[in-house]
Amino acid sequence: MSREVRTKSNLEKVLASGQFAVTGELGPPPNASREEVVEKAKHLKGNVDSVNITDNQTAVVRMSSLAAALILQEQGTEANMQMVCRDRNRIAMQSDILGAAALGINNLLVLSGDHQKFGDHAQAKNVFDMDSVNLIRTIKMMRDERRLLSGRELPEGSEPRLFIGGAYNPFADPEDYRVLRAAKKVEAGVDFLQSQCIYDMPRFKKFIARAVDMGLTEKAYFMAGITPLKSLGMAKYMKNSVPGISVPDELIERMKGVPKEKQVDEGIKIACEQIEEMKNTKGVAGVHLMLIEWEHMVPRLVQEAKLGPSQRK
Amino acid sequence: MIVAQRKPFEELKSFIADKKKVLVVGCRGCVTVCNAGGTKEVGILASELRLDGQAAGRELTVDEYTLERQCDPEYIEELLELVEKKYDAILSMACSVGPQFITTRYKDENVYPALNTCFMGGAQQHGIWVERCQGCGNCVIHLFGGMCPISRCAKSLQNGPCGGSSDGVCEISKEVDCVWHLIATKMMETGKAETEFGPAQPIKDWSTSRDGGPRKIVREELVK
């Protein structure tokens, strides 16, 4: 399977070539420390095709995603800069899109954004001028039609050549509607989609089979989100306390059956089994590894799962 | 209606801490319906203030009056006779429109809001009020199965539900229904999810909302 490449994105190049892509994730620090970004980036370099840089995730103030994305790129790894709809109106969004492209960002991934109630600034006024579906449309319009939302034309060659990303969650509700919401993003022009952390493989497979049937996986690359379980406690927390994540009882039992000091190994083993299954699942173009504040485990995971640039050669 | 609730008693007490003669003014409009600022609530607040004054051993007179509406100059005019009795403070128990109209008409008076104006909504059941409208100035609820995602979705999404929708409730609280769960479910049940509801809603024009600046409606045929 080979598709046309329309941007300078490395991630797009890998996906278009039909290789099983792998992306990582890096959370910018809640301070101005360049060193912290550089340190985290070391674990990701050469192990993944590109790295998501989160945008004030969980509504906690952090270094801007654009700044952290540029630091990462200076270290030789491509960034998937994230942008949420919570904090910017259409004026700031378009301005940041132009600025990011001008500074060498190739991938922009958009999300609604966690409500500020979860973060450290619950008193903030939120924006939500547009939602993620409309932000995808806007970026596509800027790129392919060379127009701003105002209708103002962008001179040829000055348009933002961005590979557009989005998110999908097969585990939120209502279950039957989730694929239709992903379809709206595909229709809006998203190029690739990454999922929420997957633990419930049967439910994921049901989702992706329907996406394949609807032809969605031919129009956008669907990547599967993987977060290895660190412990039984984490498995229970994910099951009971995180909205939109489904953890089957079998996984809880499996973690329970392992002594505490072996639970990390078991979590990695489960993740490797999942990744292997993903490689053989029709419609899955790659995996997205979300090991936030656990970046140093990425080299081991990609090695054991036989993933990414270092394993392809 | 506009739904409001009384401010905490301590805050109201602080407004009149150094005042001797106070007028509490109610409103027979929305705030009477939502049990926040009608004749009954005016009586309760006035009694509480008098008792508190007595307990503190200070001189305090609290008078009561309820207007037909406080959002209409015609009724605000009714207060003239009372205002001439020279109150140290007027506590308005209307939505925030009331104290503003009173202040505009009686510029020398110390007017305080006794209520917090919360939202436009209705009574889900006796004693429970819920938000249903944000006054965006361009109603499109018919596109969403008769439900308003602007006021009822925590993120005012036009194309929900977001990934935080779980078991029919919103990620911000298990007490909040996910309106997008309700909308999507209705669309699937009525067979519209993939047809007329399939295309994504376009980006919303907020210029008719508060974002366009304070709003005003002029009906020429009614203006004398």
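Naming convention: chains lettered A, B, ... in sequence-line order (proteins, then strands); numbering from 1 in each chain.
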May I ask you to test the [X]-[Y] pair for a side-chain heavy-atom distance under 4.5 Å?
{"X": "B:Ile203", "Y": "A:Arg137", "value": "no"}
{"X": "A:Tyr177", "Y": "B:His181", "value": "no"}
{"X": "B:Pro161", "Y": "A:Pro174", "value": "yes"}

Okay, B:Asp211 and chain A: the region with an atom under 4.5 Å from a heavy atom over there is neither
Pick from [options]: which one has the most heavy-atom pairs with chain B under 4.5 Å?
{"options": "A:Arg178, A:Glu175, A:Glu187, A:Gln116", "result": "A:Arg178"}
{"options": "A:Lys184, A:Arg181, A:Arg90, A:Lys185", "result": "A:Arg181"}
{"options": "A:Asn126, A:Leu111, A:Asn169, A:Asp131", "result": "A:Asp131"}

Select one option (side chain, backbone, both, neither) describing which atoms of [X] are under 4.5 Å from chain B's heavy atoms.
{"X": "A:Arg86", "answer": "neither"}
{"X": "A:Asp129", "answer": "both"}
{"X": "A:Gln196", "answer": "neither"}

Atom [atom1] of [X] and atom [atom2] of [Y]: how far apart are they, to the nearest 0.5 Å?
{"X": "A:Ser132", "Y": "B:Gln158", "atom1": "OG", "atom2": "CD", "result": "11.5 Å"}
{"X": "A:Ile136", "Y": "B:Asn159", "atom1": "CD1", "atom2": "CG", "result": "9.5 Å"}
{"X": "A:Asp114", "Y": "B:Ile172", "atom1": "CG", "atom2": "CD1", "result": "12.5 Å"}
{"X": "B:Phe197", "Y": "A:Leu180", "atom1": "CZ", "atom2": "CG", "result": "10.0 Å"}
{"X": "A:Met130", "Y": "B:Ser156", "atom1": "CE", "atom2": "OG", "result": "14.5 Å"}

Could you check whether B:Lys204 makes a cation-pi contact with A:Phe128, meaning its NZ or CZ is under 6.0 Å from the centre of the six-membered ring and within 45° of the ring axis? no
Do you know which two heavy atoms are closest between [X] and [Y], and how far apart they sit?
{"X": "B:Cys162", "Y": "A:Ala172", "answer": "O-CB, 4.3 Å"}
{"X": "A:Lys117", "Y": "B:Ser173", "answer": "NZ-CB, 4.2 Å"}
{"X": "A:Val133", "Y": "B:Ala200", "answer": "CG1-CB, 3.6 Å"}
{"X": "B:Glu171", "Y": "A:His115", "answer": "OE2-N, 3.2 Å"}

Does this structure show an ion pair linking B:Glu194 with A:Arg210, if we count only N-O contacts that are shorter than 4.0 Å? yes
Please confirm whether the backbone N or O of A:Gly113 pairs with a side-chain atom of B:Lys155, one donor and one acceptor, at under 3.5 Å? yes
With no hydrogens and no angle check, is any side-chain donor or acceptor of A:Asp173 less than 3.5 Å from a backbone partner on B:Val169? no
Can you tell me if [X] has over 12 outside heavy atoms packed within less than 6.0 Å of its [atom1]?
{"X": "B:Ile44", "atom1": "CD1", "value": "yes"}
{"X": "B:Asp167", "atom1": "CG", "value": "no"}
{"X": "A:Lys206", "atom1": "NZ", "value": "no"}
{"X": "B:Lys186", "atom1": "NZ", "value": "no"}
{"X": "A:Arg152", "atom1": "CZ", "value": "no"}

Taking it one step at a time, do A:Asp176 and B:Met188 satisfy side-chain contact (heavy atoms from CB on, under 4.5 Å)? CA-CA 8 Å; A:Asp176 288 341; B:Met188 289 190 292; 3.7 Å; yes
